[in-house]
There are 2 protein chains.
Amino acid sequence: MALAEAILVCLTDRPMSGYDLAKTFDASIGFFWRASHQQVYRELARLRDKGLVESKEIEQSGRPNRIVHTITEAGEKIVHAWSLKPCRMPSVKDELLVKLYALDHVDIAVLREQLELRTDQHRAKLTAYQRIKEKFYDGKTLSRAQKGKLIALTMGISNEREVIRALEQAVISLGEIDG
Amino acid sequence: MALAEAILVCLTDRPMSGYDLAKTFDASIGFFWRASHQQVYRELARLRDKGLVESKEIEQSGRPNRIVHTITEAGEKIVHAWSLKPCRMPSVKDELLVKLYALDHVDIAVLREQLELRTDQHRAKLTAYQRIKEKFYDGKTLSRAQKGKLIALTMGISNEREVIRALEQAVISLGEIDG
DNA sequence: AACTAATATGCACATTAGTGCATAATACAT
DNA sequence: ATGTATTATGCACTAATGTGCATATTAGTT
């Protein structure tokens with residue numbers, strides 16, 4: 001149920017519409033907890049029903065009205081209680097590694113392409129993280145909240161670097177097998 | 001739907017019962033695709049319905065009969081078709097990073113404990129991977145299938161090492177904030 | 001004697017996530 | 001004119017995952 005908490009955490013910063021939240025889940029907090037816009041709207045409805053956020057419609061002309069959600073005191077209590085509860089290990093589900101595991105039943109040329117595509121995807125992630133770090137964190141005086149985000153971001157960066165290195169090595173190893 | 005394929009991949013090695021498969025998902029292939037025993041039995045029923053595996057009951061005395069599943073030709077075709085399809089990026093969902101992201105709304109002492117617990121869990125994983133590598137792969141002549149498994153395992157090992165290093169650094173950074 | 005682990009299978013229910021679609025207006029490019 | 005992107009919300013259906021329970025026997029432990 002940590003999508004609820006992730007949304008509440010975003011709303012501790014400032015009130016936001018579902019659309020704002022969906023964008024946030026495509027960027028910053030989405031690096032650590034992925035969610036689609038449908039998931040976000042659905043969960044917002046539940047949070048509203050439970051009284052953990054308050055929603056008010058803001059009229060706009062030309063486009064649909066914004067519905068802006070504000071965290072309530074009850075919502076803040078939920079966030080604090082959640083912070084004390086133990087975390088689960090993220091569940092591993094990586095088809096690419098399953099394909100390596102099943103090497104004998106897989107087209108090696110295709111698998112190499114897939115490894116290279118994956119490497120590029122991680123390079124793109126690394127670049128995105130580094131841009132954010134340079135733009136918002138490097139050489140700045142940081143609040144405690146920002147320092148926490150920087151620690152998470154730094155972990156993301158070092159992880160992407162290592163994954164890229166490991167994937168490049170995997171392609172080399174695969175080449176040695178295929179000959 | 002890659003649980004189906006992961007099971008089929010296991011069955012290309014040898015026919016197995018649901019129980020055998022569940023154990024395999026607690027160890028080897030489960031390092032790359034996690035699944036509970038309930039999931040395995042449910043998926044086996046579906047695979048049987050689709051004619052991708054054939055199941056026969058083997059009588060045992062004292063304990064429930066084993067139902068041993070063998071991959072069919074149709075099943076092997078599915079595995080090959082799957083190997084050609086592009087892979088998705090694994091979906092990120094890590095509460096611990098969300099808590100770092102939400103540092104201002106979190107108990108820092110508790111978070112440090114959670115980071116340390118997570119570090120220990122990754123150390124345990126690393127040890128398990130290394131034992132398997134030493135026992136089954138180091139200094140042995142390997143088939144192509146085994147070489148694929150070794151590449152996946154090597155990626156797992158380097159990833160665990162990096163995650164441990166990054167978590168240790170995160171605890172240090174957190175200490176500097178907290179004072 | 002009672003408890004625990006291992007072997008072996010699975011159902012029922014609840015929660016979570018993903019896919020596809022629907023609506024509606026503006027702005028900008030082709 | 002037509003298409004595409006952006007802003008903005010959300011439903012309906014399907015698929016995947018997790019939780020709790022149920023059954024049944026043997027072997028070993030406290």
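Protein chains get the first letters and strands the later ones, always in sequence-line order, with residue 1 at the start of each.
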Which nucleotide in D:dG18, D:dG10, C:dA8 has an atom nearest any side-chain atom of A:Arg88: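 Within the option list, the nearest is D:dG18.
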Salt bridge B:Arg165-B:Glu168, side-chain N to carboxylate O under 4.0 Å: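 Looking at B:Arg165 and B:Glu168, the cut-off is not met.
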Do the charged groups of A:Glu134 and A:Arg131 touch, with an N to O distance under 4.0 Å?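 Salt bridge flag = no for A:Arg131 with A:Glu134.
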Separation of [N] [atom2] from [X] [atom1] (nearest whole Å):
X       : N      : atom1 : atom2 : value
A:Asn65 : C:dA25 : CG    : P     : 12 Å
A:His37 : D:dT7  : NE2   : P     : 14 Å
B:Arg66 : C:dT9  : CZ    : P     : 7 Å
A:Ile67 : D:dT7  : CD1   : P     : 17 Å
A:Gln38 : C:dG20 : CD    : P     : 11 Å

Table of protein N/O atoms under 3.5 Å from nucleotides 14-17 of chain D N/O atoms:
unit_1 : atom_1 : unit_2  : atom_2 : d
D:dA16 : OP1    : B:Met1  : N      : 3.1
D:dT17 : OP1    : A:Lys93 : NZ     : 3.3
D:dT17 : OP2    : B:Gln39 : NE2    : 3.1
D:dT17 : O4     : B:Arg42 : NH1    : 3.4

What's the shortest heavy-atom distance between A:Lys99 and A:Gln114, and which atoms?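 Here A:Lys99 and A:Gln114 meet closest at NZ-OE1, 3.2 Å.
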Do you know the tightest heavy-atom contact between B:Ala6 and B:Phe25?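 Closest pair (atom of B:Ala6, atom of B:Phe25, distance): CB-CZ, 3.8 Å.
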Quick check for you: to the nearest 0.5 Å, what is the distance between A:Leu11 atom CG and A:Met16 atom CE?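 Atom-to-atom, A:Leu11:CG and A:Met16:CE are 5.5 Å apart.
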N/O donor-acceptor pair under 3.5 Å between [X] side chain and [Y] backbone:
X        : Y       : answer
B:Asp20  : B:Ser17 : yes
A:Arg118 : B:Arg88 : yes
B:Lys93  : A:Trp33 : no

Expected output is a numbered-order residue list: members of residues 5-26 of chain B with a heavy atom under 4.0 Å from any atom of DNA chain C. What is it?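 Nucleic-acid contacts, sorted: B:Ser17, B:Gly18, B:Tyr19.
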